[in-house]
Q: 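Have a look at this one.
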Amino acid sequence: MPEFKTSPGTRDILAPDSGRWRAFQEVFAKTVEAAGYTLIIPPMFEDLDVFLRLGEATEVVTKEMYDFHDKGGRHVALRPEQTASVCRAFVEHRPTTPWKVWYAGPNFRYEKPQQGRYRQFDQVGIEALGTNDPFLDAEVIGLAAKFYSNLGLKRVKLAINTLGDGGDREKYAQKLLEYFSRHESSLTSESKATLARNPLRVLDSKREPDQEVIANAPAIRDTIGKEAGAHFESVLAALEAMNVSYEINNRLVRGLDYYRRTTFEFVSTALASAHTAIGGGGRYDGLVEALGGPATPGIGFALGLDRTLLACDAEGSFVAPKQAVEVFVVDTVDGSHAQTICNLLRENGVTADRAYDLRSMKAQMKAADRSGAAVALIIGEDEVQNSTIMLRPMNSGEQHSIARGDLVGEVMKALKK
RNA sequence: GUGGGCGUAGCUCAGUUGGCUAGAGCGCCAGGUUGUGGUCCUGGAGGUCGCGGGUUCAAGCCCCGUCGUCCACCCCA
């Protein structure tokens, strides 16, 4: 056993998974940049207070923060998510609106790890600030759906709900508190604890004994104001016009307190484990203000890389790309020819690798095979004497000798470049 | 944070009621093939059996602790 291992909840991503991660982020970038979102790269840690503005009832903030004091005495925290950072950046830079940005990178939460849940986990996401237009809600949700389909995912369901405006949320929370308190005796002890903390979250309980009480709980749609209700209807209409299918779930309350109005979640029906939520988001119309900026509406989503890739695995889509060079050079003379030839090929835009340590031809050919190269170039004593190179396409038993001076042209021909 | 399963070679795992020098497959290296990979054959390297303590004539196996990992809960992506 090695002396050192990665810390709990962290891991190394090696090839071919690392290539899959990069491809994942590239597909995401392409999807959202097509809609005008630009990349933002916020820092991985911020003043603790930035994240505290996410809300006192948000467990991500109260229980799971990776926080510490730096050498200057600042109390900082590794970001548990990126929406707060984006809003802080908005207040700091005051870009013209609508400000539409995307991000990709790791977040940190101090939790007990299990499958699809790590202490350092990657998300990709977008945020759009500065407008209340319901078409923007539909655009944001549509982009997430588009991204899933670009990954080849089919078994993804969109659940959507509205939480009304700030006041509505309070009123609804009050209603729920009254309702659940009346039925407290039939709730599980976990739900009773949740009730005291955040009545809305009781709706999220998946525990069997709670289900009946939850099913009869008052729905938020009876509580929300006219404006928020109209907004929701417009969002739904816009989604239908885009052919994005959805399911209204008036029990959908997400974990971060700041959500207002539109809230949504994507669930993979291909996943068997408990963690089927592969992405989610919503409006957070009060957050910029809470961070000291002007009242500014905002909406966005974040998608978990790990869970989305687990869903891809379950559906057999978006397989990890194999990394291979085009040419592998076998040099059984002294290794210097391999060096010269590799350099020449690379300068001409051909990817090339070679063997080291002057191993036997058999060993070098084996390495050529492993490299995935389409073509092997072989240099032995005969070739050096005759100023030739043996060109061997790896998928056939045939090989032919080429003049050393014709190397680049012959390789291009063999690779059909 | 709570509860449970599992830690044996680089990987996946076997190892009987505690009993010879701890095994297999894959991978890796070498040879068969003094100039040829992907198939085949032969051989080889590689292990503090997670770590620490205890019981025993004897521990990979039993007991205690600890760390890691997985699963469920909590929570969430």
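Note on naming: letters A, B, ... go to the chains in the order of the sequence lines (proteins, then strands), and numbering restarts at 1 for each one. Quick caveat, the model's predicted, so the values are computed rather than measured.
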Q: Taking B/G47 as the reference, what is the distance to B/G7 when you measure between their C1' atoms (whole Å, please)?
A: 14 Å
Q: Taking donor-acceptor contacts at under 3.5 Å, does the side chain of A/D369 reach the base of B/G38?
A: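 It does not, because no donor-acceptor pair links the side chain of A/D369 to the base of B/G38 below 3.5 Å.
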Q: Any idea which of B/G37, B/A77, B/A30 is nearest the A/R392 side chain?
A: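 Looking only at side-chain atoms, A/R392 lies closest to B/G37.
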Q: Choose from B/A77, B/A30, B/G31 the nucleotide whose nearest atom is closest to any side-chain atom of A/E111.
A: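 My answer, after comparing the listed nucleotides, is B/A77.
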Q: Could you tell me how far B/C75 sits from B/A59 if I compare only their C1' atoms? Round to whole Å.
A: 41 Å
Q: Choose from B/A77, B/G32, B/G35 the nucleotide whose nearest atom is closest to any side-chain atom of A/A277.
A: B/A77
Q: For B/C70 and B/U55, measure between their P atoms and round to the nearest Å.
A: 35 Å
Q: Give the rounded distance in Å between these two atoms: CZ of A/R119 and C1' of B/G68.
A: 12 Å
Q: If I pick the P atom on B/U2 and the same atom on B/G60, what distance separates them, to the nearest angstrom?
A: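 So the two P atoms sit 32 Å from each other.
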Q: I'd like to know if the side chain of A/T388 pairs up with that of A/N386 as donor and acceptor (distance under 3.5 Å, no hydrogens or angles considered).
A: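 No, no side-chain donor-acceptor contact under 3.5 Å.
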Q: Would you check if the distance from the ring center of A/Y259 to the ring center of A/Y284 is below 6.0 Å?
A: no
Q: By the definition side chain to side chain contact (heavy atoms under 4.5 Å, CB included), identify the one residue from A/L136, A/D137, A/I141 that meets it with A/E139.
A: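 The side chain to side chain contact (heavy atoms under 4.5 Å, CB included) with A/E139 is passed solely by A/L136 among A/L136, A/D137, A/I141.
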Q: How many Å lie between CD on A/Q364 and P on B/A30, as a whole number?
A: 10 Å
Q: Could you walk me through whether A/E46 and A/S85 pass side-chain hydrogen bond (donor to acceptor under 3.5 Å, both in side chains), step by step?
A: CA-CA 8 Å; A/E46 304 246 7; A/S85 294; 2.8 Å; yes
Q: With sugar-phosphate meaning primed atoms plus P, OP1 and OP2, does A/I278 contact a base, only sugar-phosphate, or nothing at under 4.0 Å between heavy atoms?
A: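 Sugar-phosphate: the residue A/I278, judged by heavy atoms under 4.0 Å, touches backbone atoms but no base.
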Q: Main chain of A/R359, side chain of A/D357: is a donor-acceptor contact present, judged purely on distance under 3.5 Å?
A: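 No, A/D357 side chain to A/R359 backbone: no donor-acceptor pair under 3.5 Å.
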Q: Searching all strands shown, indicate the nucleotide that pairs with B/G3 (Watson-Crick or G-U wobble; both distances under 3.5 Å).
A: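 Base-paired to B/C71.
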Q: Quick one: does A/R109 reach the base of B/C75 with a side-chain donor-acceptor pair under 3.5 Å?
A: no
Q: Assign A/G280 to base, sugar-phosphate, or nothing according to its heavy-atom contacts below 4.0 angstrom with the strands shown.
A: nothing
Q: Using atom C1' in both nucleotides, what's the gap between B/U48 and B/U39 to the nearest angstrom?
A: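 39 Å, rounded to whole Å.
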Q: Quantified in whole Å, what is the P atom distance between nucleotide B/G10 and nucleotide B/G46?
A: 11 Å
Q: Scan A/S396 against the nucleic acid and name what it touches under 4.0 Å (heavy atoms): base, sugar-phosphate only, or nothing.
A: base
Q: Check every strand shown and say whether A/Q399 touches a base, only sugar-phosphate, or nothing at a heavy-atom separation below 4.0 Å.
A: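 Base, at least one base atom sits under 4.0 Å.
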Q: Can you find a side chain N or O atom of A/Q114 that sits less than 4.0 Å from OP1 or OP2 on B/A72?
A: yes
Q: What's the closest nucleotide to the side chain of A/K5 if the choices are B/G38, B/G35, B/G68?
A: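 Closest nucleotide among those given: B/G68.
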Q: With both distances kept under 3.5 Å, what pairs with B/C57, Watson-Crick or G-U wobble?
A: B/G19
Q: Look at the side chain of A/R307 and decide which nucleotide, out of B/A72, B/C75, B/A77, has an atom nearest to it.
A: B/A77
Q: When rounded to the nearest Å, what value does the distance between C1' atoms of B/A14 and B/U8 take?
A: 10 Å
Q: Rounded off to whole Å, could you give me the CG-to-P distance for the A/D334 and B/G35 pair?
A: 16 Å
Q: Do A/F147 and A/F24 make the cut of ring centroids closer than 6.0 angstrom?
A: yes
Q: Which listed nucleotide (B/G1, B/C29, B/G35) is nearest to the side chain of A/K112?
A: B/G1
Q: Using the C1' atoms only, state how far B/U21 lies from B/C63, rounded to an integer number of Å.
A: 28 Å
Q: Find the distance A/R370:CZ to B/G38:C1' and express it as a whole number of Å.
A: 11 Å
Q: So A/R359, base contact, sugar-phosphate only, or nothing? Heavy-atom distance under 4.0 Å.
A: sugar-phosphate
Q: Start at the 5' end of RNA chain B and walk down; is the nucleotide closest to A/M394 or to A/Y110 reached first?
A: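 This one resolves to A/Y110.
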Q: Under a 4.5 Å cut-off applied to non-hydrogen side-chain atoms, are A/Y118 and A/T10 in contact?
A: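 Not touching, per the 4.5 Å side-chain cut-off.
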Q: Is A/E265 touching bases, backbone alone, or none of the nucleic acid, heavy atoms closer than 4.0 Å?
A: nothing
